[in-house]
Amino acid sequence: LGVKEAMSSPTFSLVNEYRDAQDDPVYHFDLYRVKTVQEALDIGLEDYLYSGNYCFIEWPEIIENVLPENAVKVDISESNRGREIRVSG
């Protein structure tokens, strides 16, 4: 996407914002510590999700019922052959 900044997981801030090559925002969420859907909504999650910008979400299970219908799920796991990547949606 052309992001030039170093990226890190937003474990404590819950969301980091970066800029792509067109200077549009790209959002990166880490919802590991979020315990309820309401907690995610309180940080403005729906505004981010429906902004038309890319949103990358780690640990999205708690908010799956509010994800847009066109969301793409990428699962990355390790196997004896290395990393396996599954894309669905």
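As a basis for the values below, the full set of heavy atoms in this structure was taken, side chains included, without hydrogen atoms, waters or symmetry mates. Sequence positions, counted from 1, serve as the residue numbers for this chain.
Side-chain contact between E17 and V26 is absent, with no heavy-atom pair separated by less than 4.5 Å. Considering only heavy atoms from C-beta on, V72 stays 4.5 Å or farther from S88 through its side chain. Residues E58 and H28 are in side-chain contact: their nearest non-hydrogen atoms beyond the backbone lie under 4.5 Å apart. In this structure the side chain of I76 reaches within 4.5 angstrom of the side chain of V74, judged on heavy atoms. The side-chain heavy atoms of L49 and I57, taken from C-beta on, include a pair separated by under 4.5 Å. Taking 4.5 Å as the limit, some side-chain heavy atom of V3 sits within range of a side-chain heavy atom of M7.
Separation of atoms CD (E61) and CG (L67) is listed at 10.0 Å; rounding is to 0.5 Å. Atoms CD and CG, from Q22 and N53 in turn, are 11.0 Å apart once rounded to the nearest 0.5 Å. One finds the CG atom of L14 at 10.0 Å from the CG atom of L45 (value rounded to the nearest 0.5 Å). Taken from CD in E39 to CD1 in I63, the straight-line distance is 12.5 Å, to the nearest 0.5 Å.
Across all their heavy atoms, K35 and I62 have their closest contact at O-CD1, 3.3 Å. Between A40 and I43, the shortest heavy-atom distance links the atoms O-CG1, 3.0 Å.
Take R86 and apply the salt bridge (charged side-chain N to carboxylate O under 4.0 Å, His left out) test, not counting sequence neighbours, and it matches E84. In terms of the side-chain contact (heavy atoms from CB on, under 4.5 Å) criterion, residue partners of D23 (sequence neighbours excluded) are, by chain and number, R19. For the side-chain hydrogen bond (donor to acceptor under 3.5 Å, both in side chains) test, no residue two or more places apart in sequence or in another chain qualifies with D24. Listed by chain and residue number, Y27, F29, Y48 satisfy the side-chain contact (heavy atoms from CB on, under 4.5 Å) test with V15 (two or more places apart in sequence, or in another chain). Scored by the ring-ring contact (aromatic ring centres under 6.0 Å, His included) test, Y32 finds W59 as partners (sequence neighbours excluded).
For the side-chain hydrogen bond (donor to acceptor under 3.5 Å, both in side chains) condition, no pair includes a residue of residues 64-75, sequence neighbours left out.
Atom CZ of R83 sits in a sparse spot, with 12 or fewer heavy atoms from other residues, nucleotides or ligands closer than 6.0 Å.
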> Can you check side-chain hydrogen bond (donor to acceptor under 3.5 Å, both in side chains) on Y18 and N16, steps first, answer last?
Replying inline: CA-CA 7 Å; Y18 303 99; N16 286 345; 3.2 Å; yes
